[in-house]
Asker: 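Before I ask anything, here is the structure I am working with.
In listed order, ligands and their atoms are each counted from 1.
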Amino acid sequence: MGKFVVGNWKMNGRLAANEALLAGLQPVAGVEIALCVPFPYLAQVAALSSGLSLGAQNVSEHDDGAFTGEVSAQMLADLGCQYVIVGHSERRQSHGETDAVIGRKAKAALAAGLVPIVCVGETLAQRQAGEVLETIRRQLDAVADGMVEADLARLVLAYEPVWAIGTGHSASAEQVAEVHDSIRAWLVGRLGQQSAVRILYGGSVKATNAAALFALANVDGGLIGGASLIAEEFMAICRQAGG
Ligand code: PGA
């Protein structure tokens, strides 16, 4: 299975800056690359990036209707999105998204034909309390409960320890391996077989640490925040994913 590298631009970008960044991005053989960009720039990125997949960073749990300020999964599909990030820790922490809301968003995305990139991860306090694996399992269960196996098999999962996001300090290879192996075991338990569900790692991935993380058995790629805003850095990460 080829690796999957997803750039999460977060709330960054302007038309001119995006154009310059996109000019520096190219497909990499054997690697799927997706860009998850702010809603207003989806059409621009769709028009200016060829050979890259498109995604959003959030989606409403509701279908079209009277939900002022929200964006539906159907709208994202209409604009050419294949992916949407669901349950990023910044949304869990600053926008009150609970496990239940995230589960409903993932199901809304799937119903519109999108692939949710579901983020899970523990806070520093949860790690220090020895609650890493149970936190991840609770977050995963909330998404999978009430979801048919065929839908579960379509998800992309991303392990993003909250303390590693945007801090410059990624989790160690040992820490990443422990969680990714446990997510893989959870998938086997749920799906009863080895599935093709991709498990990404996110949290301060850079060109200098990507190769070691991508070499781990159950790391199928990365979710890249800050480094995805610098074309050369992001391309260097994508090339490491190509082996
Ligand atoms: P970071 O962000 O690469 O800047 O740590 C990752 C993410 O939040 O998806």
Asker: Quick one: do the H88 and Q57 side chains pair a donor with an acceptor below 3.5 Å?
Answerer: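 No pair is found: no donor N or O on one side chain lies under 3.5 Å from an acceptor on the other.
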
Asker: Is it the case that the side chain of K105 and the backbone of V86 share a donor-acceptor pair, with hydrogens and angles ignored and the cut-off at 3.5 Å?
Answerer: no

Asker: Closest by any non-hydrogen atom to atom 5 (O) of ligand 1: pick that one out of G7, G166, G225.
Answerer: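 Result: the heavy atom closest to atom 5 (O) of ligand 1 is in G166.
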
Asker: What residue and atom, counting heavy atoms only, is the protein's closest point to atom 4 (O) of ligand 1, and at what distance?
Answerer: G226 N, 2.8 Å

Asker: Identify, for atom 9 (O) of ligand 1, the protein heavy atom at the shortest distance, and state residue, atom and that distance.
Answerer: E160 OE2, 2.7 Å

Asker: Between L15 and Y41, does a side chain to side chain contact (heavy atoms under 4.5 Å, CB included) hold up when you go through it step by step?
Answerer: CA-CA 7 Å; L15 290 170; Y41 300 125; 3.8 Å; yes

Asker: Evaluate the criterion ring pair (Phe, Tyr, Trp, His ring centres under 6.0 Å) for residue pair F214 and F4; output intermediate values, then yes/no.
Answerer: CA-CA 10 Å; F214 293 159; F4 185 30; over 10 Å; no

Asker: Mark up the atoms of ligand 1 that fall under 4.0 Å of a heavy atom belonging to G203, in ascending order.
Answerer: 5 (O)

Asker: How close does the nearest protein non-hydrogen atom get to atom 2 (O) of ligand 1, and which residue and atom is it?
Answerer: K10 NZ, 3.3 Å

Asker: If only atom types and distance count, is the side chain of D141 paired as donor or acceptor with the main-chain N or O of R138 below 3.5 Å?
Answerer: no

Asker: For S204, counting its heavy atoms only, list the atoms of ligand 1 lying under 4.0 Å from any of them.
Answerer: 1 (P), 3 (O), 5 (O)

Asker: For ligand 1, note which part of I165 has a heavy atom under 4.0 Å away: side chain, backbone, both or neither.
Answerer: both

Asker: Can you list the atoms of ligand 1 that are under 4.0 Å from a heavy atom of H88?
Answerer: 7 (C), 8 (O), 9 (O)

Asker: For E32 and S53, which I'm curious about, is there any donor-acceptor pair between the side chains at under 3.5 Å?
Answerer: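 Result is yes, a qualifying pair exists.
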
